[in-house]
Amino acid sequence: MAAERISDALRQAASEFGAADVRFRLDRPRDADHGDLASNLALALSSRLRRAPREIAQELQARLEGIGGVHRIEIAGPGFLNFFLEESAVGQVLHQIREADEAYGRNSDGGGREIMVEFVSANPTGPLHLGHGRQAALGDAIASLLEWSAWSVHREFYFNDAGVQIERLAESVRARYRQVLGHEAAVPDGGYHGAYVADIARSFHDEVGDRYDNDDSDAALRAMRRHAVRVLRAEQERDLAAFGVRFDEYYPETRLYADGRVAATIRDLDDTGLTYVKDGAAWLRTTAFGDQKDRVMVKSDGSPTYFLPDVAYHMSKWDRGFREVVNVQGSDHHSTVDRVRAGLQALGRPTGYPEYVLHQMVTVERGGEEVRFSKRAGSYTTLAELVQEVGADVARYFFLMRRPEAHLTFDLDLALDQSDKNPVYKVKYAHARVCRLFELARQRGWECPRGADTRPLASRMERELINRLREFPDSLRRAATARAPHVVCDYLEKTAGLVNSWYQTGHPTRSPERAVLVEDEQLRDARLTLAGAARIVLRNGLAVLGIEAPERMVRL
RNA sequence: GUCCCCGUAGCUCAGGUGGAUAGAGCGACUGCCUCCUAAGCAGUAGGCCCCAGGUUCGAGUCCUGGCGGGGACACCA
């Protein structure tokens with residue numbers, strides 16, 4: 001189609017200027033007066049060739065004469081080339097969209113290669129909180145974007161079912177269990193105080209009765225630990241399922257010990273000669289790989305720090321064949337990035353493995369006031385409570401609409417609002433409206449034939465909308481490459497805004513001649529073709545984000 | 001003290017590899033239902049893009065140094 005022909009011709013011209021590798025853009029200009037497509041090639045060449053950009057632009061313009069589908073080329077501003085397409089070429093993309101349908105927006109960048117996205121990875125020590133929610137939404141959307149870019153994606157959840165935190169959980173459950181049995185007992189310092197711990201103690205009591213009354217043994221504590229982890233993991237999976245997030249694999253930390261990976265990692269690290277003993281602990285010289293300080297692998301009491309199984313875990317990712325790994329984590333983990341990579345580099349893995357997406361904190365506001373506490377968890381708001389209150393789709397969208405590295409304020413009033421103030425409803429509503437047009441058309445016995453003549457779509461707004469729909473695949477590719485789902489949100493909101501404007505210009509009381517469902521068959525078919533393409537783009541965009549695109553919305 | 005992230009309209013935030021006149025939503029104000037769903041649309045007002053240097057034909061964007069906010073700097077995970 002025209003855009004590709006122009007792109008090829010520009011590339012060809014660049015190489016004739018002796019700059020085949022020059023980087024330039026060919027995209028939809030912000031202002032529709034600047035044509036359907038614009039390129040900065042002349043500007044990009046000017047610094048290379050040390051010549052005035054407008055002069056280069058004139059030579060380019062001459063060379064680009066006669067490309068099929070291009071009506072005219074203008075030189076504008078400092079030296080932009082603005083391309084105005086033939087009417088028929090503009091609308092052609094609408095037919096391509098309809099043809100591709102559910103596949104519109106996909107690209108083949110990944111070439112079927114494997115990639116792992118690890119996310120959530122909550123400790124089984126309590127219900128999922130909002131940070132986990134953001135991570136679940138982000139990780140799932142990034143995974144989905146990668147799938148749309150032809151990657152074969154493995155979604156993984158790593159859970160730390162070993163270590164100090166789990167012991168504290170078990171001890172907290174023991175204290176609550178004793179209380180159930182009518183004894184005096186206090187949750188230990190550093191223990192877990194949320195109401196859920198008491199729930200777990202009660203369900204434990206339901207299973208075992210008073211079998212562990214006055215029992216301080218390790219066996220008793222182990223039984224409580226097993227029970228607590230099982231219950232909490234089940235709860236986390238339920239919450240994630242309610243949020244619409246599924247994993248291909250849950251990888252437990254204990255497996256790393258059971259299958260000898262941790263021990264093997266210690267041996268392998270020792271073999272590198274980068275380890276040493278100080279103060280009775282075993283250290284790794286991670287500073288050799290850019291870490292700020294060396295790290296302890298094995299504590300003086302003989303137990304490994306978190307660092308060691310983490311290295312072992314990432315070695316398992318490599319050994320399972322994943323050469324591309326994206327870890328989605330809270331930015332409070334940022335200090336682990338350097339040390340884990342350092343450990344992996346010590347073992348010969350490449351620099352920058354794995355890749356990290358670190359997101360900032362989430363806070364919740366209602367009525368302009370921060371909401372902090374939850375009955376269930378004690379000190380934080382849980383994901384389940386949020387999903388319960390605003391629904392999975394709204395929660396997902398809100399988690400995704402900001403860049404990961406920006407702090408997120410979750411405005412509950414806005415999330416609960418059911419009008420265009422709420423971006424989720426705005427996008428969904430635009431989709432539902434377009435669907436409604438097709439429903440009404442069917443009722444009147446009107447079909448929209450394939451390959452309808454799109455030349456009647458000549459208004460400025462229609463052209464702008466078409467060019468925006470043309471951009472969708474590029475927008476998804478950019479989002480996938482940058483691991484940035486908010487790019488999709490931004491795209492959808494703007495597209496929905498345009499769809500709504502376009503729809504409204506055909507308001508029956510003001511300008512019925514601009515409605516979609518007009519008597520004139522040629523006009524109607526052209527407009528239905530545009531509406532159909534918009535429907536596909538909105539639906540696919542929401543699908544990437546894991547959000548439903550309703551065909552009708554019921555007013556409340 | 002060191003490291004990471006952020007600083008753009010009154011508020012919440014977008015701004016692709018540096019490119020044309022800086023963009024949305026909310027809030028404020030003004031219009032528009034004889035209905036393809038007004039859950040909407042059109043319009044108006046609102047900007048030293050934190051500051052100071054630098055690179056460049058061109059900087060919100062890149063570099064350096066400040067200032068302000070958040071986070072991380074355990075033999076916790």
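All chains are named by letter (A, B, ...) in the order of the sequence lines, taking the proteins before the strands, and each is independently numbered beginning at 1. Quick caveat, the model's predicted, so the values are computed rather than measured.
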Colleague: For G163(A), answer base if it contacts any base atom (sugar-phosphate contacts may also be present), sugar-phosphate if it contacts only those atoms, and nothing otherwise; contact means non-hydrogen atoms under 4.0 Å.
Modeller: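 Touches nothing.
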Colleague: For F80(A) and rA20(B), is the gap between ring centres under 5.5 Å while the planes differ by less than 30°?
Modeller: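 Stacked: centres under 5.5 Å apart, planes under 30°.
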Colleague: Which nucleotide sits closest to the side chain of K494(A): rG23(B), rG16(B), rA20(B)?
Modeller: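 Looking only at side-chain atoms, K494(A) lies closest to rG23(B).
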Colleague: Expressed as a whole number of angstroms, how long is the span from H407(A):NE2 to rU12(B):C1'?
Modeller: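 Spelled out: NE2 on H407(A) to C1' on rU12(B) is 11 Å.
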Colleague: Could you check which of rG16(B), rA38(B), rA14(B) has an atom nearest any side-chain atom of D27(A)?
Modeller: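 Closest nucleotide to the D27(A) side chain: rG16(B).
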Colleague: So, K426(A) and E493(A), do they make that salt bridge, N to O below 4.0 Å?
Modeller: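 No, no charged N to carboxylate O under 4.0 Å.
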Colleague: So which one's nearest nucleotide on RNA chain B is more toward 5', N500(A) or P304(A)?
Modeller: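 Residue closer to the 5' terminus by nearest nucleotide: N500(A).
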Colleague: Without swapping roles, check the side chain of S7(A) against the backbone of E4(A) for a donor-acceptor pair under 3.5 Å.
Modeller: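 Checked: no pair found.
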Colleague: So does K299(A) get a side-chain nitrogen or oxygen closer than 4.0 Å to the phosphate oxygens (OP1/OP2) of rA74(B)?
Modeller: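 No, outside the criterion.
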Colleague: Between atom NE2 in H431(A) and atom C1' in rA39(B), what is the gap in whole Å?
Modeller: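 So the NE2-C1' distance, H431(A) to rA39(B), works out to 16 Å.
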Colleague: Provide, to the nearest angstrom, the distance between the CG atom belonging to L408(A) and the P atom belonging to rG69(B).
Modeller: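 To the nearest whole Å, that distance equals 22 Å.
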Colleague: Side chain of N82(A), base of rA20(B): donor and acceptor closer than 3.5 Å?
Modeller: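 For N82(A), whose side chain was compared with the base of rA20(B), there is a donor-acceptor pair (under 3.5 Å).
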Colleague: Could you check if the base of rG69(B) is syn or anti? Syn means the glycosidic torsion is within 90 degrees of 0.
Modeller: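 Anti.
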Colleague: Taking the same atom, C1', in rA9(B) and in rC48(B), what whole-Å distance lies between them?
Modeller: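 The same atom, C1', in both gives a distance of 13 Å.
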Colleague: Mark yes or no for whether S300(A), through its side chain, and G280(A), through its backbone, hold a donor-acceptor pair below 3.5 Å.
Modeller: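 No; zero donor-acceptor contacts below 3.5 Å.
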Colleague: Check this for me, if you would: do D301(A) and K299(A) make a salt bridge, where the nitrogen-to-carboxylate-oxygen distance has to be below 4.0 angstrom?
Modeller: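 Answer for the salt bridge query: no.
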Colleague: Can you say whether a donor on the side chain of T305(A) sits under 3.5 Å from an acceptor on the base of rC75(B), or the other way round?
Modeller: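 No, the side chain and the base share no sub-3.5 Å donor-acceptor pair.
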Colleague: Nearest to the D332(A) side chain among rC41(B), rA20(B), rA72(B), which nucleotide is it?
Modeller: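 The closest nucleotide is rA72(B).
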Colleague: Using a 4.0 Å cut-off on heavy atoms, which residues in residues 433-442 of chain A reach RNA chain B? List them by number, or say none.
Modeller: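 The answer is R433(A), R436(A), L437(A), L440(A).
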Colleague: Could you check which nucleotide pairs with rG18(B) in any of the strands shown, counting Watson-Crick or G-U wobble with both distances under 3.5 Å?
Modeller: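 Base partner found: none.
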Colleague: Partner of rC73(B) by Watson-Crick or G-U wobble geometry, both contacts under 3.5 Å, or none?
Modeller: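 Check on rC73(B): paired to rG1(B), both distances under 3.5 Å.
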Colleague: N327(A) and K317(A): side-chain donor and acceptor closer than 3.5 Å?
Modeller: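 Their side chains do contain a donor-acceptor pair, which is all the 3.5 Å distance test asks for.
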Colleague: Do R535(A) and F438(A) form a cation-pi contact, if we require the NZ or CZ to be under 6.0 Å from the six-membered ring centre and within 45 degrees of the ring's axis?
Modeller: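 That pair qualifies as a cation-pi contact.
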Colleague: Could you check how far CG of N40(A) sits from P of rG16(B), rounded to whole Å?
Modeller: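 Roughly 13 Å, once rounded to whole Å.
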Colleague: Using whole Å, what does the distance between atom P of nucleotide rG27(B) and atom CG of D411(A) come to?
Modeller: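 Taking atom P of rG27(B) as the reference, CG of D411(A) is at 11 Å.
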Colleague: Checking side chain to side chain donor-acceptor pair (under 3.5 Å) for the pair Q165(A)/N123(A): CA distance, chi angles, key distance, verdict?
Modeller: CA-CA 8 Å; Q165(A) 296 305 319; N123(A) 292 347; over 6 Å; no
Colleague: Heavy atoms from C-beta onward define the side chain here; which of rU37(B), rG71(B), rG19(B) lies closest to that of R552(A)?
Modeller: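 The answer is rU37(B).
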Colleague: Please tell me which of the listed nucleotides, rA74(B), rC41(B), rA39(B), lies nearest to the side chain of K293(A)?
Modeller: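 Looking only at heavy atoms from C-beta outward on K293(A), the closest nucleotide is rA74(B).
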Colleague: Measuring to OP1 and OP2 of rG15(B), would you say a side-chain N or O of H486(A) lies under 4.0 angstrom away?
Modeller: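 Yes, within the criterion.
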Colleague: Considering only NZ, NE, NH1 and NH2 on the basic side and carboxylate oxygens on the acidic side, decide whether D36(A) and R463(A) come within less than 4.0 Å.
Modeller: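 Counted as a salt bridge, because a side-chain N and a carboxylate O are separated by less than 4.0 Å.
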Colleague: With P as the reference atom in both, quote the distance from rC35(B) to rG7(B) in angstrom, rounded to an integer.
Modeller: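 Those two atoms are separated by 48 Å.
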Colleague: Would you say R25(A) places a side-chain N or O within less than 4.0 Å of OP1 or OP2 belonging to rG16(B)?
Modeller: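 No.
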Colleague: What is the distance from CG of L517(A) to C1' of rU37(B), rounded to the nearest Å?
Modeller: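 L517(A) atom CG is separated from rU37(B) atom C1' by 13 Å.
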Colleague: Both distances below 3.5 Å, Watson-Crick or wobble geometry, any strand: find the nucleotide opposite rC26(B).
Modeller: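 The base-pairing partner of rC26(B), which may sit in any strand shown, is rG10(B).
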Colleague: Heavy atoms only, 4.0 Å cut-off, all strands: where does D279(A) land among base, sugar-phosphate and nothing?
Modeller: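 The answer is base, as D279(A) lies within the cut-off (heavy atoms under 4.0 Å) of a base atom.
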Colleague: Does R72(A) qualify as a cation-pi partner of F84(A), given the criterion of NZ or CZ under 6.0 Å from the six-membered ring centre and within 45 degrees of its axis?
Modeller: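 Yes, a cation-pi geometry holds between R72(A) and F84(A).
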Colleague: Between rC4(B) and rG47(B), how many Å separate the two P atoms, rounded to a whole number?
Modeller: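 After rounding to an integer number of Å, I get 35 Å for this pair.
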Colleague: Are any side-chain N or O atoms of R483(A) and backbone N or O atoms of V326(A), one a donor and one an acceptor, separated by less than 3.5 Å?
Modeller: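 Answer holds: no.
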Colleague: Measure CG/D413(A) against C1'/rC11(B) and give the value in whole Å, please.
Modeller: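 Rounded to the whole Å, the gap is 14 Å.
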Colleague: Roughly how far, to the nearest 0.5 Å, is CG of L469(A) from CZ of R28(A)?
Modeller: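 So the gap between those two atoms works out to 10.0 Å.
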Colleague: Kindly indicate, with the supporting measurements, whether the criterion side chain to side chain donor-acceptor pair (under 3.5 Å) is fulfilled by E156(A) and Y313(A).
Modeller: CA-CA 12 Å; E156(A) 182 152 305; Y313(A) 173 51; 2.7 Å; yes
Colleague: Regarding E471(A), tell me which of base, sugar-phosphate or nothing describes its non-hydrogen contacts under 4.0 Å with the strands shown.
Modeller: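 Counting heavy atoms under 4.0 Å across all strands, the contact made by E471(A) includes a base.
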Colleague: Tell me what T336(A) touches on the nucleic acid: a base, only sugar-phosphate, or nothing, going by heavy atoms under 4.0 Å.
Modeller: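 Base contact.
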Colleague: For the P atoms, the ones on rU61(B) and on rU17(B), what distance do you get once it is rounded to whole angstrom?
Modeller: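 These two P atoms come out 14 Å apart once rounded.
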Colleague: Report which part of the nucleic acid A38(A) touches: base, sugar-phosphate, or nothing (heavy-atom distance under 4.0 Å, all strands).
Modeller: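 Answer is base: heavy atoms of A38(A) come under 4.0 Å of a base.
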Colleague: Can you measure N422(A) atom CG to rU12(B) atom C1' for me and round it to whole angstrom units?
Modeller: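 Atom-to-atom, N422(A) to rU12(B), this comes out as 13 Å.
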Colleague: Among rC13(B), rA38(B), rA77(B), which nucleotide sits nearest the side chain of Y429(A)?
Modeller: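 Nearest listed nucleotide: rA38(B).
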Colleague: Given that S39(A) and R339(A) both sit by RNA chain B, which one's nearest nucleotide is further toward the 5' end?
Modeller: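 Mapping each residue to its closest nucleotide by heavy atoms, the 5'-most match is S39(A).
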Colleague: Since syn is defined as within 90° of 0, does rC33(B) count as syn or as anti?
Modeller: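 Here rC33(B) takes the syn form, which means its glycosidic angle is within 90° of 0.
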Colleague: Determine the Euclidean distance between corresponding C1' atoms of rC75(B) and rG53(B); express it in Å to zero decimal places.
Modeller: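 It comes out at 46 Å once rounded to the nearest Å.
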Colleague: Using a cut-off of strictly less than 4.0 Å, decide whether Y503(A) has a side-chain nitrogen or oxygen near OP1 or OP2 of rA38(B).
Modeller: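 Yes, such a contact exists.
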Colleague: Across all strands shown, which nucleotide pairs with rC49(B) by Watson-Crick or G-U wobble geometry, both distances under 3.5 Å?
Modeller: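 When the pairing criteria are applied, nothing turns out to pair with rC49(B), so the answer is none.
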Colleague: Can you give me the N/O atom pairs linking the protein to nucleotides 4-6 of chain B at distances under 3.5 Å, or say none if there are none?
Modeller:
residue: rC4(B); atom: O4'; partner: H334(A); partner atom: NE2; Å: 3.4
residue: rC5(B); atom: O2'; partner: E405(A); partner atom: O; Å: 2.6
residue: rC6(B); atom: OP1; partner: R403(A); partner atom: NH2; Å: 3.1

Colleague: Under 3.5 Å for both donor-acceptor distances, Watson-Crick or wobble: does rC35(B) have a partner, and if so which one?
Modeller: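 When the pairing criteria are applied, nothing turns out to pair with rC35(B), so the answer is none.
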Colleague: Between R442(A) and E439(A), is there a salt bridge with N-O shorter than 4.0 Å?
Modeller: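 Salt bridge flag = no for R442(A) with E439(A).
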Colleague: Please measure how far the C1' atom in rA14(B) lies from the corresponding atom in rA22(B), and state the result in whole Å.
Modeller: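 Here rA14(B) and rA22(B) have their C1' atoms 11 Å from each other.
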Colleague: Is the distance from OP1 or OP2 of rA24(B) to the nearest side-chain N or O of K426(A) less than 4.0 Å?
Modeller: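 The answer is no; no side-chain N or O of K426(A) sits under 4.0 Å from OP1 or OP2.
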Colleague: Let's go through E471(A) and T495(A) carefully: what are the C-alpha distance in whole Å and the side-chain angles of both, what is the deciding distance for side chain to side chain contact (heavy atoms under 4.5 Å, CB included) to 0.1 Å, and is it a yes or a no?
Modeller: CA-CA 10 Å; E471(A) 256 188 339; T495(A) 305; over 6 Å; no
